[in-house]
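First the structure, in the form of structure tokens, and then the observations on it.
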Number of protein chains: 2
Amino acid sequence: MTTLNEVAARAGVTPATVSNVLRNRGRVGAATRERVLHAVKELGYRPHLAARALAEGRAPTFALMVSSIANPFYPEFTLAAERAARTSGHFLIVCNTNDDQETGRAYLEQIAGTLSEGVLVTNAELVFDDLRATAERGTPVVLCMWERPDDPPGLPCVAVDFRLAGALAAQHLLDLGHTRVGALVGSRSTHDDGAPFGIHGARRDGFVERFSAADDAQIVAEFICESDTIRGGYDAARRLLKAHPDVTALYATNDLPALGAMHAAADMGLSVPDDLSVVGITDIQLARESRPALSTVAVPTEEAARMAVDLLRELIDRAPRASRGNPGTPMRVTSAPVMVPRASTAPPRTRDQRTRSSLRKR
Amino acid sequence: MTTLNEVAARAGVTPATVSNVLRNRGRVGAATRERVLHAVKELGYRPHLAARALAEGRAPTFALMVSSIANPFYPEFTLAAERAARTSGHFLIVCNTNDDQETGRAYLEQIAGTLSEGVLVTNAELVFDDLRATAERGTPVVLCMWERPDDPPGLPCVAVDFRLAGALAAQHLLDLGHTRVGALVGSRSTHDDGAPFGIHGARRDGFVERFSAADDAQIVAEFICESDTIRGGYDAARRLLKAHPDVTALYATNDLPALGAMHAAADMGLSVPDDLSVVGITDIQLARESRPALSTVAVPTEEAARMAVDLLRELIDRAPRASRGNPGTPMRVTSAPVMVPRASTAPPRTRDQRTRSSLRKR
DNA sequence: GTGAAAGCGCTAACAA
DNA sequence: TTGTTAGCGCTTTCAC
């Protein structure tokens, strides 16, 4: 392994000069620079990142805590975060907590501040206390997808207005003429402990408020999804549709359960969207690729990732070493979610059509 | 930030002793150990990973190069690799090259050896020369999903017998009684340059060999998938089915295109598996969750990840610092892939049934 | 059992 | 413009 020293020796200068050349600091003569660069190339020198981190007192990576890389939303977010991090000169260490609090804590303990300069968190699976602790220890932490802009978490964060997202979904169904619908509320929070941040609370409330505000419109039933997965949505939808066969549309607080609801409908002989409309939230890639394509409320993932990295950088610059005095807990809000109508929603059948539809079922 | 020194001062010992206590090296008196541990807890000391890495001459992370985290296979593999890495005491830095050679090279240049002790590579998107270069520079590299056990890449690797996978898919179709089928061959290799490692070559060959060996059986057409995605499979399947409406089954060299093929069939009014059987390779999670569930050849992802990490560790231990003399390029082979029949495959209709089926199409 | 000292590879004042 | 000198926080011989 080639070191700075070796390069310096080769070029007939001191390590300091080599360092200066490599990072464009301080003034260096053109001739020397030339010689140094040559030596670098010749020896195939590559700076030792750990050494540099130690000397600089900063690390070249960010840590991204995700609760479960199995949920396709996270890879998508990760991708965006990684891009953003790289433009900021950082690598991204993906810390998969696998929904396990202990694992998350371990990552935080070990990585934060020593291997990573800052921590990005996509979910509140981790108890806030741990996050606050690391923040107070001097490692900036940014929450990436806070769901309630109206209710800051007391930690720097990027918020997305998920209540609005829910409202948009409601409006979409209303616009199509649906008056009797069901809701599938995802809730995978292991650590709910009645905390103010029940995972999908805002998404639910937004939908319920808007939908209920309309004349004649009624949410016939709300079912909880055991898990925020296709399977979870499938099971919940089946139960809901069995209990309330008269609903003409289903709202799910996330795309995966919405996809599951479509499968459930298919298995029950209902055609989507003719017999049943389905709408979700997020607009993960699968939503575009499902059959029929899922109508959903798109959430600005890319933007959120970018903003989160930006915010993290600001926090780092702001608190160079010692962050005495509360540095504040800034909150950024992304642009609004937007409804993306696709093939899984349509006006409800008229009574006439419904009869026909029933006949078609075996 | 608390340092070893501070802890030492607090406990009334020297840093060396603290270090010894923390890593269970050297003999330390029970009483001192007690005091040290106490001080550690009291001060909330956490070792500085970068400093440790520098002092030890080794890093606490592995790098995982993936070509595209957007393809759900990679997150699944990543998950497995991360688990394996953690049991080995390493963090996993996920390096998403986004199918870009330059990005990949940049990661390799910067991370390998200085921030990561070893490199795991899931694809040959990176030119082998770069990988060999880093390996020769002293940072172990392991290829994770080499597709041809019979043709080692000249780099340490974990191989999966994808030729057999293809053969199993063929056998499955044969067993069901299909005699006229089509093949969708994925090929996303940007850097094909006629290299011996055409991305899905083995998967194709295995299928073709086995299927063609059967009497009366014929592969009516092979179409290339432009991209290894649902979309890619959709397009290719449409073209194939238009040109050859008589095939009773489709084989795709990967699950995503297979899923796309199912969508194409649906859009063309064909019912799967009644009018058309579809089989893929890999068994990603989506395969289980699609409607109908996809019949596919499951590949031992978890096992491959585990073996790759094990192999990496061995290489690291074997070549403590200077790896003079070819350390060899070991290859491990996972257990065999296995056919997982699900709902997307069935015996072809008899002529009689086919007629009925045609009638049902609008 | 515990301490002293050197050094991992690099950066960052400050001198020259 | 370049060199000198200290470290960054930790590990690791080797004495004591």
task: Check for a donor-acceptor pair, side chain of B:Thr334 on one end and backbone N or O of B:Pro300 on the other, with a separation under 3.5 Å.
output: no

task: Looking at every strand, decide which applies to B:Thr32 at a 4.0 Å heavy-atom threshold: base, sugar-phosphate, or nothing.
output: sugar-phosphate

Atom-to-atom span, CZ of B:Arg58 to P of D:dC10 - whole angstrom: 17 Å

- prompt: Counting heavy atoms not belonging to B:Arg86, are there more than 12 under 6.0 Å from its CZ?
  reply: yes

task: Rounded to the nearest angstrom, tell me the gap between atom CG in B:Leu115 and atom P in C:dG9.
output: 15 Å

- line: Partner of B:Arg33 under side chain to side chain donor-acceptor pair (under 3.5 Å), picked from B:Thr17, B:Asn20, B:Asn24, is B:Asn24

- prompt: Would one find more than 12 heavy atoms of other residues, nucleotides or ligands at under 6.0 Å from atom CD of B:Glu42?
  reply: yes

statement: By salt bridge (charged side-chain N to carboxylate O under 4.0 Å, His left out), A:Glu302 pairs with (sequence neighbours left out) A:Arg83

message: On the nucleotide D:dT1, are OP1 or OP2 found under 4.0 Å from the side-chain N or O atoms that A:Thr17 carries?
response: no

query: Which letter, B, S or -, goes with each nucleotide of nucleotides 10-16 of chain C from 5' to 3', with contact meaning a protein heavy atom under 4.0 Å?
result: BBB----

- prompt: To the nearest angstrom, how far is B:Leu22 atom CG from D:dT12 atom P?
  reply: 13 Å

message: What is the distance, to the nearest angstrom, from the CG atom on A:Leu54 to the C1' atom on D:dC8?
response: 4 Å

- prompt: Rounded to whole angstroms, how far apart are CD on B:Glu6 and C1' on D:dC8?
  reply: 13 Å

D:dT4 phosphate, OP1 or OP2, under 4.0 Å from A:Thr14 side-chain N/O: no

message: For the CZ atom on B:Arg25, are there more than 12 heavy atoms of other groups (residues, nucleotides or ligands in this structure) within a distance under 6.0 Å?
response: no

